[in-house]
Peer 1: 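A single structure is presented below for examination.
Whatever order the structure lists them in is the order used to number ligands and atoms, beginning at 1. The residues of the chain are indexed from 1 along the displayed sequence.
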Amino acid sequence: MNSCFIFLVLMIRIRLSTMTSHYKCRSGVYPRSSVKRLNVSDDRVSWDSEFKDYNPPYYTSDSVKGKSWADPEIDTPNFSPKWNQIERDVNRKSHMGHYNIVNGYPLNPTGRTGLQGRGVLGRWGPNHAADPIVTRWKDVSRDILQFIAIKRGDTGEWALPGGMVNPGEKVLTAAIREFQEEAMNSFEASEADKENWKEKFKDFFSKGIEIYRGYVDDPRNTDNAWMETIAYNFHDETGAVVGNIKLQAGDDAIGVQWVDITPDIILYASHKDIIDSVLNKHQKC
Ligand code: RP5
């Protein structure tokens with residue numbers, strides 16, 4: 001077995017086992033609302049640590065209520081989700097293993113967030129996303145690795161151009177589709193352009209390597225609903241292929257560009273951790 005491959009497998013294990021806490025989803029005001037989370041200190045994040053009378057606010061946004069792509073309220077008659085299982089096209093299994101159900105509600109496997117309900121997330125329990133990480137070296141010295149980042153329309157932060165996995169969709173397919181939508185504005189491309197794109201980059205996007213699978217420290221997470229992702233790296237060692245990608249922000253992205261991966265880079269949610277794994281992989285191989 002190739003040493004790079006062994007290193008990668010080890011890293012994925014490490015990433016899964018080190019995401020033991022969350023920071024961006026346990027203080028302040030919940031995104032797109034005026035609801036204030038109950039403050040949860042570091043030592044009280046774990047469900048195993050004592051937090052007497054823990055009773056944070058409950059919030060589910062009107063934007064997800066009654067939507068066909070979202071779950072109904074937990075106590076809706078005939079709503080009997082199959083927790084920890086794949087239910088028809090809805091994947092309620094967590095990459096983090098078995099999660100608990102308390103009083104009918106799934107519990108965030110990383111711990112308390114200071115908010116009950118589902119916020120703006122569509123699903124109770126895990127909400128599955130896919131993240132593409134397209135990388136190249138900045139120049140021939142191969143000192144600086146760059147990746148394609150998008151600027152999110154909701155928070156204005158730079159992020160991976162990822163998105164939610166559609167019901168029944170393969171995660172890798174979702175990662176490539178999201179890249180096309182957010183970093184290339186495929187929504188506005190002609191059918192001919194899309195066909196052309198497919199031909200040109202088919203080989204490149206068939207070589208994605210899984211970098212991370214698990215929980216995302218996303219500011220939208222709550223005690224009962226949270227983001228998880230599988231992130232794939234598509235690397236262009238010579239830069240010859242991705243140099244041809246015409247970047248144009250699309251869907252809910254308001255900017256797109258190549259970004260140098262530097263120690264001080266600030267990214268949405270826990271995307272920085274994912275990017276660090278990619279950097280480690282390329283520096284060591
Ligand atoms: C993050 O939110 C995931 O890592 C992914 O990048 C993103 C998916 O949510 P939307 O961009 O569709 O809002 O947690």
Peer 1: Give me the atom names and distance for the closest heavy-atom approach of Ala70 to Arg118.
Peer 2: CB-NH1, 3.9 Å
Peer 1: Indicate yes or no: does an N/O atom of Thr229 lie under 3.5 Å from an N/O atom of ligand 1?
Peer 2: no
Peer 1: If we set the cut-off at 4.0 Å for heavy atoms, which region of Met164 has an atom near ligand 1: side chain, backbone, both, or neither?
Peer 2: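 Under 4.0 Å from ligand 1, Met164 contributes backbone and side-chain atoms.
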Peer 1: Holding to side-chain hydrogen bond (donor to acceptor under 3.5 Å, both in side chains), I want the full list of residues that pass it with Gln257, two or more places apart in sequence or in another chain.
Peer 2: none
Peer 1: If you measure every N/O of Asp252 against every N/O of ligand 1, is any gap under 3.5 Å?
Peer 2: no
Peer 1: What residue and heavy atom of the protein are closest to atom 9 (O) of ligand 1, and at what distance?
Peer 2: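 The closest one turns out to be Arg220 NH2, 3.0 Å.
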Peer 1: Below 4.0 angstrom from a heavy atom of Met227, which ligand 1 atoms are there? Numbered from 1 as shown, please.
Peer 2: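 Listed by number with element: 2 (O), 8 (C), 14 (O).
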Peer 1: Return the set of residues passing side-chain hydrogen bond (donor to acceptor under 3.5 Å, both in side chains) with Lys272 (not counting sequence neighbours), or none when no residue passes.
Peer 2: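 Applying side-chain hydrogen bond (donor to acceptor under 3.5 Å, both in side chains) to Lys272 gives Asp276.
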Peer 1: Report the nearest protein non-hydrogen atom to atom 12 (O) of ligand 1: residue, atom name, distance rounded to 0.1 Å.
Peer 2: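 Of every protein heavy atom, Gly163 CA, 3.6 Å lies nearest to atom 12 (O) of ligand 1.
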Peer 1: Answer yes or no on whether Arg112 is positioned over the face of Tyr54, meaning its NZ or CZ is under 6.0 Å from the six-membered ring centre and within 45° of the axis.
Peer 2: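 Yes, a cation-pi geometry.
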Peer 1: Give the atom numbers and elements of ligand 1 that come within less than 4.0 Å of a heavy atom of His271.
Peer 2: 1 (C), 3 (C), 4 (O), 6 (O)
Peer 1: Less than 4.0 Å between a side-chain N and a carboxylate O, is that true for Asp71 and Arg92?
Peer 2: yes
Peer 1: Would you kindly confirm whether Val171 and Val134 end up in one hydrophobic cluster when ILVMFWY residues are joined by side chain heavy atoms under 4.5 Å apart?
Peer 2: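 Looking at the clustering, Val134 is in the same group as Val171.
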Peer 1: Taking the cut-offs as 6.0 angstrom to the six-membered ring centre and 45 degrees off its axis, would you call Arg152 and Trp158 a cation-pi pair?
Peer 2: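 Cation-pi check for Arg152 and Trp158: fails.
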Peer 1: Which residue supplies the protein heavy atom nearest to atom 3 (C) of ligand 1, what is that atom called, and how far is it?
Peer 2: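 Result for atom 3 (C) of ligand 1: Asp131 OD2, 3.4 Å.
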Peer 1: Can you check whether Asp218 has an N/O within less than 3.5 Å of an N/O in ligand 1?
Peer 2: yes
Peer 1: Taking only non-hydrogen atoms of Arg152, do any sit less than 4.0 angstrom from ligand 1?
Peer 2: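 Within the 4.0 Å threshold, so yes.
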